[in-house]
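This report concerns only the one structure given below.
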Amino acid sequence: NAGVTQTPKFQVLKTGQSMTLQCAQDMNHEYMSWYRQDPGMGLRLIHYSVGAGITDQGEVPNGYNVSRSTTEDFPLRLLSAAPSQTSVYFCASSLRLAGGRADTQYFGPGTRLTVL
Amino acid sequence: GQQLNQSPQSMFIQEGEDVSMNCTSSSIFNTWLWYKQDPGEGPVLLIALYKAGELTSNGRLTAQFGTTRKDSFLNISASIPSDVGIYFCAGRTIDSGGSNYKLTFGKGTLLTVNP
């Protein structure tokens, strides 16, 4: 198992450019989510998904889109990058237990994004 | 929204010393989690707590779920250089759909261990 993989590891964008951060997991986890980490702010939830075809907003969703067409993949799209989106982005996944409870959440290695 | 207050923000200690950090909230959580993040990596789960009052150990790490369900602490005994990193607390509640997937994170405690 590769676990949770993210690409690219590093990215530099100009203001207004668009891009997609990729996230994949091979553990057949139903739950997936995207976080951003900024210095002194901890991890903040951007969007999450409880299964293929189902997504919902987290704490800081503005400027980001997601879709979940398969169980394995959960891409994060920046339609028009802004300097305020400079951050480290983490994807995470976990197994859905009986009753909808979530098992341990596993994190990917992160994507470091700089928007100039 | 829910917030977790994690303290201290940073600690600089000598190898061999014990470390204590905690998280408090105005909201009740039904699960408390402690993660460690090494530089350039994603967070890794250290300890999970599921019941109020629960005390759980993982090697030199010990964590407790507060009896009010609004706080938790993590202790590290006899620190070593590889303990360096950022430690995060995180809490879970159950939403209206019965899922407890969403995590709320504290802002982290940066631990530096001087050999």
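Chain A is the first sequence line, chain B the second, and so forth, proteins listed ahead of strands; every chain is numbered from 1.
Following chains of ILVMFWY side-chain contacts shorter than 4.5 Å, one can reach A:M32 starting from A:I46, so the two form part of one hydrophobic cluster. Two different hydrophobic clusters hold A:V60 and B:F105 under the rule that ILVMFWY side chains link at heavy-atom gaps under 4.5 Å. Two different hydrophobic clusters hold B:I47 and B:F73 under the rule that ILVMFWY side chains link at heavy-atom gaps under 4.5 Å. Residues B:F65 and B:L4 share a hydrophobic cluster, clusters being chains of Ile/Leu/Val/Met/Phe/Trp/Tyr side chains in contact below 4.5 Å. Follow the hydrophobic side-chain contacts under 4.5 Å out from A:Y35 and you never reach A:L76; the two are in separate clusters.
For A:Y106, no part lies near chain B; criterion is any non-hydrogen pair under 4.5 Å. Neither the backbone nor the side chain of A:T111 comes within less than 4.5 Å of any heavy atom in chain B. Neither the backbone nor the side chain of B:Q6 comes within less than 4.5 Å of any heavy atom in chain A. For a residue to count as touching a neighbouring chain, one of its non-hydrogen atoms must lie under 4.5 Å from one of that chain's; by this rule A:R112 touches chain B with the side chain only.
The nearest pair of heavy atoms linking A:G42 to B:F88 is CA-CE2, 3.7 Å.
Looking at heavy atoms from C-beta onward, A:L43 lies out of side-chain contact with B:Y35 at the 4.5 angstrom threshold.
Remark: B:R60 pairs with B:D83 by the salt bridge (Lys or Arg N to Asp or Glu O under 4.0 Å) rule, at least two apart or across chains. Residues passing the side chain to side chain contact (heavy atoms under 4.5 Å, CB included) test with A:N28 are A:T71, sequence neighbours excluded.
Between chain B and the options A:Q6, A:M41, A:Q105, heavy-atom pairs under 4.5 Å are most frequent for A:Q105. Note on B:G40, B:A90, B:G106: by heavy-atom pairs under 4.5 Å with chain A, the leading option is B:G40.
We find the CG-OG distance between B:L103 and A:S94 to be 8.0 Å, quoted to the nearest 0.5 Å.
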